[in-house]
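This is the structure, below, for whatever I ask next.
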Amino acid sequence: NAKQRNDGAVVYDPMIDKASETSLSLLTELRNAIENNEFRLHVQPKMKLATGEVVGVESLVRWAHPVRGNVFPDEFIPFAEQTGFIRVLTHWVLEQSAALCREMAAKGIHLKVSVNLSTRDLLDQELPNKFGGILARHQVLPQSFCLEITESAIMDDPVRAQQTLERLHAMGVDLSIDDFGTGYSSLAYLKRLPVDELKIDKSFVLNMENDIGDTKIVRSTIDLGHNMGLRVVAEGIESEAVWRLLAALGCDEGQGYFMSRPIPGDKLVDWIRNWVP
Ligand code: C2E
Ligand code: CA
Ligand code: CA
């Protein structure tokens, strides 16, 4: 709560005190949330666009806050990243996702689960080992997982991120570049990293049937991905028209509110059984 002035003098700054108190209590709350089981795994189905067959899900975390209700990730993921708490959360999401995958397989439903990783996860040299432990504990194959990374997560420390990603990929897990097209140097990463999937950001997809510019970007991205031997996925499909357009352009898979919003993991079996493409 002390701050150095331009002239070198140290003064007390009540603002700093307040800010660190707020973040301290949020960090404590996040830690308690793990203990008290307040996080919820939601999943959004991902389908083959040509057939409508459900081939996977994306894991998306929610915080069932005792006072504030359902808190969305945008409100706490950035803070979790800043403080390093994200490593604990990622571990929790991987664990829950593996359990769900195993449970579904026991019911004859074989899905690939996609999990989002953050910068801090990629800098964690223990991640491949921890992940291997989770897979072994739940008896799930690495081939049942896809890890989504953003370009900004890689940019923080490209050399270390690449090492972690290469180790993960060597285990047999798929890697996906998330939010493709919104960051920097995407093409350089496509060339260097062992990527299997490219995920077109929803900002290009949401309104593409009315926007010729978006359509051109999406078409070129699909061609780029295919030319590099990658699976191309679109997120943010909110209408049948967009689904049809993407399918006509040859986009492999997609997810979006038109098919389903993210749903609680324990509702997935019923949802799939009721799904008519
Ligand atoms: P993302 O990885 O790009 O995830 C896709 C987001 O788009 C999700 O928001 C999803 O609910 C939303 N979405 C899906 N379909 C549609 C659609 O048709 N229309 C629109 N408008 N939106 C759609 P959500 O669940 O709020 O997550 C926001 C972001 O928070 C994620 O973006 C991801 O970056 C982060 N996040 C969520 N869960 C996790 C997690 O477990 N770990 C990490 N590191 N980040 C997470
Ligand atoms: Ca994602
Ligand atoms: Ca996205």
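Both ligands and their constituent atoms are indexed starting at 1 by order of listing. Index from 1, following the sequence.
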Would atom 21 (N) of ligand 1 count as contacted, meaning some protein heavy atom under 4.0 Å?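 Yes; the ligand atom in question has protein heavy-atom contact below 4.0 Å.
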I'd like to know if Arg244 and Glu240 make a salt bridge, using a cut-off of under 4.0 Å between side-chain N and carboxylate O.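 Looking at Arg244 and Glu240, the cut-off is met.
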Polar-atom distance check: Ser118 versus ligand 1, any N or O pair below 3.5 Å?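 By distance alone, the answer is yes.
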Asn32/Glu38 under side-chain hydrogen bond (donor to acceptor under 3.5 Å, both in side chains): CA gap, chis, key distance, verdict: CA-CA 8 Å; Asn32 291 340; Glu38 289 168 13; over 6 Å; no
Using the rule that Ile, Leu, Val, Met, Phe, Trp and Tyr join whenever any side-chain heavy atoms are under 4.5 Å apart, tell me whether Leu198 and Leu117 fall into a single cluster. yes
Ligand 1 versus Ile77: contacting region, heavy-atom distance under 4.0 Å: side chain
Working for side-chain contact (heavy atoms from CB on, under 4.5 Å), residues Glu95 and Arg137: CA-CA 9 Å; Glu95 192 90 52; Arg137 223 176 8 265; 2.9 Å; yes
Subset of ligand 1 atoms that lie under 4.0 Å from at least one heavy atom of Asp74: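 Listed by number with element, the hits are 28 (C), 29 (C), 30 (O).
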Drop me the distance from Ser260's OG to Ile237's CD1, to the nearest 0.5 angstrom.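 So the gap between those two atoms works out to 12.0 Å.
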Walk me through it: do Leu49 and Asp252 pass the test side-chain contact (heavy atoms from CB on, under 4.5 Å)? CA-CA 6 Å; Leu49 292 179; Asp252 303 291; over 6 Å; no
Hydrophobic clustering (ILVMFWY, side-chain heavy atoms < 4.5 Å, transitive) - are Leu190 and Val218 grouped together? yes
Just wondering, do Leu26 and Glu29 contact through their side chains at under 4.5 Å, heavy atoms? yes
For ligand 1, does Thr90 get within less than 4.0 Å through its side chain, its backbone, both, or neither, judged by non-hydrogen atoms?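 Within the 4.0 Å criterion, Thr90 makes no contact with ligand 1.
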Measure Lys202 to ligand 1 on non-hydrogen atoms and call it side chain, backbone, both or neither using the 4.0 Å cut-off. side chain
Does atom 42 (N) of ligand 1 have a protein non-hydrogen atom under 4.0 Å from it?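 Given the 4.0 Å limit, the answer for atom 42 (N) of ligand 1 is yes, a protein heavy atom qualifies.
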What do we get for Val61 next to ligand 1 when only non-hydrogen atoms under 4.0 Å count, side chain, backbone, both or neither?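 Looking at Val61 and ligand 1, atoms from backbone and side chain both fall under 4.0 Å.
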Transitive ILVMFWY side-chain link Phe72 to Leu206, under 4.5 Å: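 Looking at the clustering, Leu206 is in a separate group from Phe72.
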Heavy-atom pairs closer than 4.0 Å: do any link ligand 1 to the side chain of Arg62, the backbone, both, or neither?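 It is the side chain that gets close, since no backbone atom is under 4.0 Å.
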Relative to the Ca ion (ligand 2), which of the N, O or S atoms in Glu58 is the closest? OE2
Should you measure from each heavy atom of Pro262, which atoms of ligand 1 turn up under 4.0 Å away? 11 (O)
Start with the C-alpha distance between Phe76 and Phe85, add both sets of side-chain angles, then the distance that settles ring-ring contact (aromatic ring centres under 6.0 Å, His included), and finish with yes or no. CA-CA 10 Å; Phe76 60 91; Phe85 178 77; 8.6 Å; no
Ligand 1 contact on Glu58 by region, counting heavy-atom pairs under 4.0 Å: side chain
Do Arg231 and Asp174 sit within salt-bridge range, that is, some charged N less than 4.0 Å from a carboxylate O? yes
Does the shortest distance from the Ca ion (ligand 2) to an N/O/S atom of Thr150 fall below 3.0 Å? no
Nitrogen or oxygen atoms of Glu238 and ligand 1 under 3.5 Å apart: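 Yes: some nitrogen or oxygen of Glu238 is under 3.5 Å from one in ligand 1.
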Atom OG1 of Thr215 and atom CG of Leu245: how far apart are they, to the nearest 0.5 Å?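 Taking OG1 in Thr215 and CG in Leu245, the distance rounds to 5.5 Å.
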Leu117 N/O to ligand 1 N/O under 3.5 Å: no
Side chain or backbone of His42 under 4.0 Å from ligand 1, or both, or neither, by non-hydrogen atoms? neither
Given that the side chain starts at C-beta and the backbone is N, CA, C, O, which of these parts of Ile237 lies under 4.0 Å from ligand 1, counting heavy atoms, or is it both or neither?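 Backbone only.
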Lys/Arg-Asp/Glu bridge criterion (N-O < 4.0 Å) met for Glu197, Lys46: yes
Under the side chain to side chain contact (heavy atoms under 4.5 Å, CB included) test, which residues partner Gln44, sequence neighbours left out? Leu60, Gln255, Tyr257, Pro262
Distance-only donor-acceptor check, side chains Ser176 and Glu148, under 3.5 Å: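 Glu148 and Ser176 do not have a side-chain donor-acceptor pair below 3.5 Å.
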How far is atom 35 (C) of ligand 1 from its nearest protein heavy atom, and which residue and atom is that? Pro73 CB, 4.2 Å
Among all protein non-hydrogen atoms, which one is nearest to atom 10 (C) of ligand 1, and what is the separation to 0.1 Å?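 The closest one turns out to be Leu60 CD1, 3.9 Å.
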Should the pair Phe39 and Trp92 be assigned to parallel (<30°), tilted (30 to 60°) or perpendicular (>60°) ring geometry?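 Rings of Phe39 and Trp92: tilted, as their planes differ by 30° to 60°.
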Does atom 32 (O) of ligand 1 have any protein heavy atom closer than 4.0 Å?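 It does not; no protein heavy atom is within 4.0 Å.
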Pair Lys130 + Asp124: basic N to acidic O under 4.0 Å: yes
Please confirm whether Gln44 comes within less than 3.5 Å of ligand 1 when only nitrogen or oxygen atoms on both sides are compared. yes
Under 3.5 Å, is there a donor-acceptor pair linking the side chains of Thr90 and Asp121?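 The criterion, which ignores hydrogens and geometry beyond distance, is satisfied for Asp121 and Thr90.
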Indicate, as side chain, backbone, both or neither, the part of Leu206 found under 4.0 angstrom from ligand 1 when only non-hydrogen atoms are considered.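 It is the side chain that touches ligand 1; the backbone stays farther off.
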When you measure from the Ca ion (ligand 2) to each N, O or S atom of Glu148, which atom gives the shortest distance?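 Closest N, O or S atom of Glu148 to the Ca ion (ligand 2): OE1.
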So which protein N/O/S atoms does the Ca ion (ligand 3) have within less than 3.0 Å?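 Counting only protein N, O or S atoms under 3.0 Å from the Ca ion (ligand 3), the list reads Asp179 OD1, Glu235 OE1, Glu235 OE2.
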Considering only heavy atoms of Asp179, which atoms of ligand 1 have at least one such atom less than 4.0 Å away? 3 (O)
Could you tell me which atoms of ligand 1, counted from 1 in the order shown, lie closer than 4.0 angstrom to a heavy atom of Glu235?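 Result: 3 (O), 5 (C).
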To which protein heavy atom is atom 13 (N) of ligand 1 closest, and what is the distance rounded to 0.1 Å?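 That would be Tyr257 CE2, 3.7 Å.
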Separation of Leu94 CG from Leu147 CG (nearest 0.5 Å): 6.5 Å
